[in-house]
Amino acid sequence: MVVVIISVIIVLLLYTALPFLLTFGFEIGVLRYRCNSTKIAFTFDDGPHPTYTPILLDLLKQHDIKATFFVVGSRAEKYPELLIRMKREGHQIGIHNYIHQSNWLMSPWKVRKGVDQTAAIIEQITGERPSIYRPPWGLLNLGDFFMLKSYHIILWSVMAEDWKSKGGSAKIKQKLLNKIKGGDVILLHDCGETPGADSDAPLYTINALKDVLPLMATKGLSCVRIDEMVPINK
């Protein structure tokens with residue numbers, strides 16, 4: 001019985017902890033940061049959202065900034081007009097799986113099915129098949145590495161804990177201004193309807209960005225899409 005328990009623990013560690021170490025520790029198979037660059041990439045997860053995503057798109061358009069959106073497939077199906085607008089206004093669209101569930105709690109086959117399903121949804125709506133993928137919470141399982149031939153896995157180097165309303169826009173603004181440097185991939189959210197998030201949190205993110213975005217150029221930084229930061233050919 002002890003041998004069985006130990007074996008199960010080892011398998012679980014190989015399935016979850018090892019990919020976490022390889023990606024966040026050694027950046028193997030993923031993009032988190034681009035060295036020696038004056039470019040930064042603002043990325044937004046969990047949407048689209050019918051209220052917050054249009055406001056965010058208005059703000060990005062106002063500052064002529066292109067961003068990257070990692071969308072949830074089930075939400076993309078509900079709000080296809082928002083993906084059409086993202087594409088029309090020059091933003092990059094990536095995959096955040098069909099539902100917002102940890103890859104650690106799903107089999108490799110279920111994860112791959114959701115990723116491919118979301119890719120097909122995005123392609124049907126926009127006419128372009130996405131080539132970038134960010135798993136929910138950035139948690140990969142061992143099977144995700146077999147998707148590297150089809151998708152680039154994108155994580156992040158800066159986050160502002162903007163899924164919580166506590167601290168408001170001042171907290172988010174301070175974290176971003178203190179942390180952002182050339183080469184960073186910045187994780188933010190345009191939807192708060194996921195486990196652990198506050199539903200109104202994106203409003204504070206947007207309000208913080210009203211102050212943060214104009215300051216990026218003064219720091220000598222240009223805001224780009226992921227595929228403008230690193231060559232992606234799929």
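Values below: every heavy atom of this structure, side chains too, minus hydrogens, waters and symmetry copies.
- Counted by atom type alone, Y52 and D190 present zero donor-acceptor pairs between their side chains at under 3.5 Å.
- How far CG of L22 is from CG of L140: 10.0 Å, rounded to the nearest 0.5 Å.
- Checked against a 6.0 Å centroid threshold, the rings of Y204 and W163 do not count as neighbours.
- With hydrogens and angles left out, the side-chain atoms of D144 and Y151 include no donor and acceptor closer than 3.5 Å.
- Minimum interatomic distance between S150 and R112 (heavy atoms only, all atoms of both residues): OG-NH2, 3.1 Å.
- At least one donor-acceptor pair under 3.5 Å links the side chain of N141 to the backbone N or O of G143.
- Contact of the D162 side chain with the L176 side chain is not registered, since no non-hydrogen atoms from C-beta on lie closer than 4.5 Å.
- Summarising the geometry, atom CZ belonging to R75 is positioned 9.0 Å from atom OG1 belonging to T194; distances are rounded to the nearest 0.5 Å.
- Under the 4.5 Å side-chain heavy-atom criterion for Ile, Leu, Val, Met, Phe, Trp and Tyr, F145 and L105 are members of distinct hydrophobic clusters.
- Side-chain N or O atoms of R134 include one that pairs as donor or acceptor with a backbone N or O of I154 at under 3.5 Å.
- The side-chain heavy atoms of D116 and I95, taken from C-beta on, include no pair separated by under 4.5 Å.
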L203 and T51: CA distance, side-chain angles, deciding distance, side-chain contact (heavy atoms from CB on, under 4.5 Å) verdict: CA-CA 9 Å; L203 179 62; T51 299; over 6 Å; no
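- Note on I93: it does not cluster hydrophobically with V72, by side-chain heavy-atom contacts below 4.5 Å among ILVMFWY residues.
- The pair E128-K87 counts as a salt bridge, with a side-chain nitrogen and a carboxylate oxygen less than 4.0 angstrom apart.
- Pairing each heavy atom of K179 with each of M159, the nearest pair is NZ-O, 3.3 Å.
- Between the side chain of S165 and the backbone N or O of D198, no donor-acceptor pair lies under 3.5 Å.
- Side-chain atoms of N207 and S169 form no donor-acceptor pair, as typed in the model, at a separation below 3.5 Å.
- The main-chain N or O of V185 is found under 3.5 Å from a side-chain atom of S157 such that the two form a donor-acceptor pair.
- Note on I206 and I172: same hydrophobic cluster, where clusters join Ile, Leu, Val, Met, Phe, Trp and Tyr whose side-chain heavy atoms are under 4.5 Å apart, directly or indirectly.
- Of the possible donor and acceptor atoms, none in the side chain of E89 sits under 3.5 Å from a partner among the backbone N and O of K61.
- In terms of modelled atom types and a separation under 3.5 Å, the side chain of K78 and the main chain of P50 share no donor-acceptor contact.
- Distance check, rounded to the nearest 0.5 Å: CG of L83 to CD of E77 gives 11.0 Å.
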Show, in sequence, the C-alpha distance, side-chain angles and deciding distance for F42 and W156, and conclude whether the ring-ring contact (aromatic ring centres under 6.0 Å, His included) test is met. CA-CA 10 Å; F42 282 96; W156 61 84; over 10 Å; no
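- Residues C191 and F44 fail the side-chain proximity criterion, which asks for heavy atoms closer than 4.5 Å.
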As a quick check of understanding, evaluate side-chain contact (heavy atoms from CB on, under 4.5 Å) for F69 and L57, giving each step before the final call. CA-CA 11 Å; F69 291 83; L57 288 170; 3.8 Å; yes
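- A 4.5 Å side-chain heavy-atom check between T126 and M86 finds every atom pair outside the cut-off.
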Could you walk me through whether M106 and N97 pass the side-chain contact (heavy atoms from CB on, under 4.5 Å) check? CA-CA 12 Å; M106 294 189 286; N97 218 323; 4.0 Å; yes
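- Here the shortest heavy-atom pairing between G94 and P130 reads CA-CB, 4.3 Å.
- Below 30°, between 30° and 60°, or above 60°: for H96 and H100 the angle between ring planes is above 60°, a perpendicular geometry.
- Minimum heavy-atom separation, P136 to N103: CD-OD1, 4.0 Å.
- Residues H152 and V230 form no side-chain contact, since every pair of their non-hydrogen atoms from C-beta on lies 4.5 Å or further apart.
- Residue-environment remark: CD (E81) exceeds the threshold of 12 foreign heavy atoms within 6.0 Å.
- Considering CG of L18 and CG of L142, their distance stands at 6.0 Å, rounded to 0.5 Å.
- To the nearest 0.5 Å, atom CD of residue Q92 and atom OG of residue S131 are 6.0 Å apart.
- Summarising the geometry of P48 relative to A76, their closest heavy-atom pair is CD-N, 3.8 Å, with the distance given to 0.1 Å.
- The hydrophobic cluster of F146 has no other members, since no ILVMFWY side-chain heavy atom comes under 4.5 Å of it.
- Linking Ile, Leu, Val, Met, Phe, Trp and Tyr residues whenever their side-chain heavy atoms come within less than 4.5 Å leaves Y33 and I40 in two separate clusters.
- Annotation: E27, atom CD; neighbour count of heavy atoms from other residues, nucleotides and ligands within 6.0 Å is above 12.
- Looking at heavy atoms from C-beta onward, M216 lies out of side-chain contact with H63 at the 4.5 angstrom threshold.
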Test log, rule side-chain contact (heavy atoms from CB on, under 4.5 Å), inputs K181 and K219: CA-CA 9 Å; K181 58 188 180 302; K219 292 176 175 287; over 6 Å; no
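- Here the NZ-OG1 distance, from K173 to T205, works out to 14.5 Å after rounding to the nearest 0.5 Å.
- Judged by distance alone, with hydrogens and angles left aside, the side-chain atoms of R225 form a donor-acceptor pair with the main-chain N or O of H91 at under 3.5 Å.
- Across T68 and F70, no two heavy atoms sit closer than the pair CG2-CE1, 3.8 Å.
- Taken together through direct or relayed side-chain contacts under 4.5 Å among Ile, Leu, Val, Met, Phe, Trp and Tyr, L177 and L187 form part of one hydrophobic cluster.
- Checking side-chain atoms of T118 against main-chain N and O of Y98 turns up a donor-acceptor pair under 3.5 Å.
- In this structure the side chain of W104 never reaches within 4.5 angstrom of the side chain of W137, judged on heavy atoms.
- Note on R85 versus D58: salt bridge recorded, some NZ/NE/NH1/NH2 to OD/OE distance being below 4.0 Å.
- In this structure, I84 and I125 have side chains that are in contact, with non-hydrogen atoms separated by less than 4.5 Å.
- Panel note: side chain K39, backbone I226; no donor-acceptor pair is recorded below 3.5 Å.
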